[in-house]
Amino acid sequence: MAEDVNSQAAGLPILWQDTAAEEEAAMPRQFDLVITGGGPAGAIAAWHAARDGRRVALIDPDMPVPRLEGIGPRLHHWLEQVGLYDGAAMEAVRLTRISRWGGSTYGRNVETVVERTAFDRHLRGAAVAAGAELVTATAQPLPGRAVLADGTEIAGRMVFDARGRKALGRRPNAARGPATIAIAAALRLAPGTAQAAHVLPLDDGWLWLASLGDGRGWVQLTQDAADPAGRDPLARLASALAGARDHLPEVTGIDGAALVRDSSVVLPLPVADLEVIAIGDAVAGMDPLSGHGMFFATSSALAATAVRRTLEAGDDRESRDLALRFLNQRLDLLYLRQARLGRDFIRSEAARADLPFWSRRAAFPDDLPMEAAATGERIARRIVVEDGRLTEAEVLIPPHAPGGVAWVEGQPAAAVWRAMEAGAGRDELAGRFGRAGEIVAAWFAGAAPGAAPEAAPARG
């Protein structure tokens, strides 16, 4: 079978076959956690659960779609911290990012480009090494089980849906932004082209191009789903590259067919139950203009892990209510904010404001500011993750984080703020809270130490 060959090529054990006899011998039927989808969100959720000693079934078809994607510094750092970063296994290349946006050029930031199939297989391999069972198949997640394409059911105490955009099918009433597609392809670049990632707005969309420094490149073009000229995706991509050639490395050819995927914004709906928990950035469909997709996929896996651990500690009405409120709090404070961030990037390209692609997106998801209007509230109660589980705690609400911050450098942020309100100076703050005092003071002075925000979109 092609799926078995793919698993062998990835160095992963084959734990599921198609014949009935092999099904019976392959694995037990009951798991603590069943996850459909083995991308970053599903694999990392499986890795955490297996490390917690839980019996985990991770179901993924292992159908490779060769493509490059970027991961930003936050995800890169987190992967290194937890021991999951392996540049060779991920086929990673670190690039300077050059963004031309809003009439300005930015070149201070970096991103790491990975081969997505290799990245996903590496993370699934880490989950298997931790003890998860890998099922090579497609599946439909349902309450208490997942149903494979051949009708086989795998039961689980909890079920996570990490199938990316397929998870959106569970939310037919979700509000969608303008129909948008991303067209991507491998490129041949002129000899000697330097390593870099380029972000460039166009009259009818925007593109991201990564040069690996060895003549290979990858491009992703974001445009309206419908093309007035009726061109096929490859022709649309070739036209965009030709029109932008003065600002990009020299492209000598496009290799192979174009990869086309839906990248329309889909607003989050309230989480009504915990029967199947959707995870991954695609479950809210953030505008790719905001970038950092794999970071938010990982973030959602960590949030779901906290929900799982909380319910394992006590699956009662109070714990389930806490979990539901936490997931909905996260949707409100994160995903809607990211959609507004994408909208504001669109608006910042003011020279193109009247062009159809840009004007269609300038008011979606709404006309409200990205941050809620200032209320003067600095201390609030939020549901946070402490020692891997959910709890309610006081948080500090600084200008850059409307969701609130519970701890800074291990110190309670609200306590630092109260000391500042009481008149504590820099030396006293440092003595009581260490570097946390300096960081919180800097937030309210205008910028955190070492921050270098880039007012241009990232991709990843």
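From a predicted model like this one, the values you see are computed outputs, not experimental measurements. The analysis underlying the following values was restricted to heavy atoms, covering all of them including side chains, and did not include hydrogens, waters or symmetry mates.
- Residues satisfying the salt bridge (Lys or Arg N to Asp or Glu O under 4.0 Å) test with Arg145, not counting sequence neighbours, are Glu153.
- Evaluation of the ring pair (Phe, Tyr, Trp, His ring centres under 6.0 Å) rule for Trp407 yields no partner, not counting sequence neighbours.
- The side-chain heavy atoms of Pro61 and Thr136, taken from C-beta on, include no pair separated by under 4.5 Å.
- Atoms OG1 and CE, on Thr112 and Met90 in that order, are 9.5 Å from each other to the nearest 0.5 Å.
- No cation-pi contact links Arg108 to Tyr106, judged by a cut-off of 6.0 Å to the six-membered ring centre and 45° from its axis.
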**Asked** Run the side chain to side chain contact (heavy atoms under 4.5 Å, CB included) check on Arg67 and Arg261 step by step: do they pass?
**Response** CA-CA 12 Å; Arg67 65 194 189 275; Arg261 65 178 180 85; 5.6 Å; no
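- Checking Trp417 against Glu394 by side-chain atom types alone, no donor-acceptor pair falls below 3.5 Å.
- Ion pairing between Asp273 and Arg320 fails under the 4.0 Å rule for side-chain N and carboxylate O.
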Listing, residues 77-85 side-chain donor-acceptor contacts under 3.5 Å, not counting sequence neighbours, or none:
unit_1 : atom_1 : unit_2 : atom_2 : d
His77  : NE2    : Gln81  : NE2    : 3.4
Glu80  : OE2    : His76  : NE2    : 3.3

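- Side-chain polar atoms of Arg330 and Ser299 form a donor-acceptor pair below 3.5 angstrom.
- Residues Thr310 and Arg389 have side chains that never bring a donor and an acceptor to within less than 3.5 angstrom of each other.
- In this structure, Arg216 pairs ionically with Asp214, as a charged nitrogen and a carboxylate oxygen lie closer than 4.0 Å.
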